Amino acid sequence: MNPAAQLLMRAYACMTGTLRGRLVNRLARSGDAPICGLFYHRVADTTPNDWTIGVEAFRRQIDWLAERFDVVSLAEAHRRLIQQDSKRPAVVITFDDGYADNCAHAVPMLIDRGLPFTYFVTTENIRNQSPFPHDKAAGAPLKPNTLTELRTMADQGVEIGAHTLTHPNLGECPPRQIREEIVGSIDQVRQWIGRDVRSFAFPYGFPINMTPLGMQIAREAGIRTICSAYGAYNIPSSTREYEGALHFRRMHADPEWSRFINWMTFDPRKLHAPEPINDTIWLGGEKPYQRLHEAVGAGS
């Protein structure tokens, strides 16, 4: 982000700061404080790309979050959302894909601080020790995690989630492949770590990448929390379970500090996030963020 854009972002955050604070306080009083989902991919100082954040930048973000939020597990976020018991803004930390570099700094950093997180893995890349397709396309193949690393994380209390077999765009896959990718990855992770798998993250995670069939298959495979990756906050009064499964929205943990702070201080623009295909299936027919729109309209 160039200096002019940074200045504009800071000015916008400053001008809307009072509204943000009032809205969050109002929601918190009724157990509706927002729960933010953050996703990272790779934490490293080598081979930088759009899905890598430097070690010190990551450390700065994590320390800032730990001072200002309840850092909770996906399971605890699920409970707070369903029981409308969110009295303080919270954040859930997640990783997608499964990069070996994360075990050098990010994973030990979080474990040492006692901060929970969920680690979603694309299983065929780990099983075959082959680079992820997006890294091959970028001309910079990077090493995935090993089975030993995943099992060690699981033994240390890290939740390991499924992220398909091969990281395809499930929005373009035929039904049989959707089932194989979702159920196959869940079964593989369960076999590797010897524990139940309760969370699944759609690759890419935008509305076009998510289908009602995919959500149904994940739910039937025992998944309780289905993660997307296209922004917005999770609000208890706008969240519903559908036969035990919950759609949890996440946003990218932007390496640019100004944008990161802006998103994490409850930017009202994130109230207008897109909905996945047939999202009303997962929200009991209620429009997402209805109560938030009403609160913003009230101006306090």
Side-chain angles (χ1 to χ4, degrees), residues 35-77 90-123 125-126 129-132 134-135 138 140-164 167 189 192-193 195 197 199-201 203-205 225 227 229 248 250-257 259-261 263-264:
I35 301 178
C36 301
L38 285 178
F39 69 93
Y40 297 87
H41 286 88
R42 176 174 175 263
V43 178
D45 291 329
T46 58
T47 319
N49 53 39
D50 291 342
W51 47 93
T52 296
I53 182 172
V55 174
E56 286 308 312
F58 178 77
R59 188 191 312 277
R60 185 184 186 191
Q61 289 188 2
I62 294 303
D63 288 345
W64 187 89
L65 292 170
E67 290 177 2
R68 293 165 176 81
F69 291 80
D70 289 346
V71 181
V72 300
S73 66
L74 263 181
E76 173 60 14
V91 63
V92 175
I93 298 169
T94 68
F95 291 80
D96 285 0
D97 296 351
Y99 284 95
D101 291 307
N102 293 329
C103 287
H105 299 285
V107 170
M109 194 182 303
L110 292 168
I111 291 175
D112 289 347
R113 286 163 170 74
L115 300 177
F117 61 100
T118 298
Y119 204 82
F120 292 104
V121 294
T122 305
T123 57
N125 298 92
I126 290 173
Q129 284 296 283
S130 59
F132 300 103
H134 40 278
D135 292 328
L142 296 165
K143 185 180 178 183
N145 287 112
T146 65
L147 287 180
T148 298
E149 289 168 339
L150 290 188
R151 288 167 176 154
T152 298
M153 279 191 271
D155 289 343
Q156 292 175 314
V158 177
E159 180 187 11
I160 308 297
H163 194 46
T164 71
H167 205 282
V189 173
W192 285 345
I193 66 174
R195 294 170 174 82
V197 178
S199 57
F200 174 83
Y204 309 106
T225 307
C227 291
F248 188 76
R250 302 178 299 162
M251 62 185 77
H252 182 231
D254 202 304
E256 170 53 54
W257 185 249
R259 279 195 296 257
F260 174 78
I261 295 299
W263 297 140
M264 295 308 298

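If you're wondering where the values come from, they're calculated on a predicted model, not measured in any experiment.
Looking at L38 and L65, their side chains come closer than 4.5 Å, going by heavy atoms from C-beta outward. The shortest distance between side-chain heavy atoms of I111 and V158 falls below 4.5 Å. Residues L142 and N49 have side chains in contact (heavy-atom distance under 4.5 Å, counting atoms from C-beta outward). You'll find the side chain of W192 stays beyond 4.5 Å of the side chain of V197, heavy atoms only. You'll find the side chain of T122 stays beyond 4.5 Å of the side chain of P203, heavy atoms only. Contact of the H163 side chain with the F200 side chain is not registered, since no non-hydrogen atoms from C-beta on lie closer than 4.5 Å. Taking 4.5 Å as the limit, every side-chain heavy atom of R259 sits out of range of all side-chain heavy atoms of H252.
The line from CE of M251 to CZ of F39 is 9.5 Å long, rounded to the nearest 0.5 Å. Going from atom CZ of R68 over to atom CG of D63 covers 10.0 Å, rounded to the nearest 0.5 Å. For the atom pair R60 CZ and I53 CD1, the distance stands at 10.5 Å (nearest 0.5 Å). We find the CG-CD distance between L147 and Q129 to be 7.5 Å, quoted to the nearest 0.5 Å. Distance CD/E67 to CD1/I62: 12.0 Å, rounded to 0.5 Å.
Nearest approach of A253 to Q61, heavy atoms of both residues: CB-OE1, 3.8 Å. Taking every heavy atom of both residues into account, G161 and T118 meet most closely at N-CG2, 4.3 Å. The two residues Y204 and A229 make their nearest non-hydrogen contact at O-CB, 3.6 Å. Contact record, A154 with I160: CB-CG1, 4.1 Å, taken as the closest heavy-atom pair. The minimum heavy-atom distance linking I93 with P116 is given by the pair CB-O, 4.2 Å. The two atoms that bring V71 and A66 nearest to each other are CG2-CA, 4.1 Å, heavy atoms only.
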Would S199 and E159 satisfy side chain to side chain donor-acceptor pair (under 3.5 Å), going step by step from the backbone distance to the final call?
CA-CA 9 Å; S199 57; E159 180 187 11; 2.8 Å; yes
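At distances below 3.5 Å, not a single donor-acceptor pair connects side-chain atoms of D96 with backbone N or O atoms of H41. Of the possible donor and acceptor atoms, one in the side chain of D254 sits under 3.5 Å from a partner among the backbone N and O of E256. Using a distance-only test at 3.5 Å, with no hydrogens or angles considered, a donor-acceptor pair links the side chain of E149 to the main chain of T146. Put simply, the side chain of N125 gets close to the backbone of P131: a donor and an acceptor are under 3.5 Å apart. Distance alone, capped at 3.5 Å, is enough to place a donor-acceptor pair between the D45 side chain and the V55 backbone.
In this structure, Y119 and F95 have tilted ring planes: the angle between them lies in the 30° to 60° band. The aromatic rings of F260 and W64 sit perpendicular, their planes meeting at an angle over 60°, well past the 30° parallel limit. By the 30° and 60° cut-offs, the orientation of the rings of H134 relative to H167 is tilted. Ring-plane geometry between Y40 and F58 is classed as perpendicular, the angle between the planes exceeding 60 degrees on a 0 to 90 degree scale with a lower cut at 30.
With sequence neighbours excluded, no residue forms a ring-ring contact (aromatic ring centres under 6.0 Å, His included) with F120. For T94, the side-chain hydrogen bond (donor to acceptor under 3.5 Å, both in side chains) partners at least two apart in sequence or on another chain are R250.
Heavy atoms from other residues, nucleotides or ligands lying under 6.0 Å from CG of D50 number 12 at most.
The pair D155-R195 meets the salt-bridge criterion, since a charged nitrogen lies less than 4.0 angstrom from a carboxylate oxygen. Under 4.0 Å is where a charged nitrogen must lie from a carboxylate oxygen, and between R42 and D97 no such pair does.
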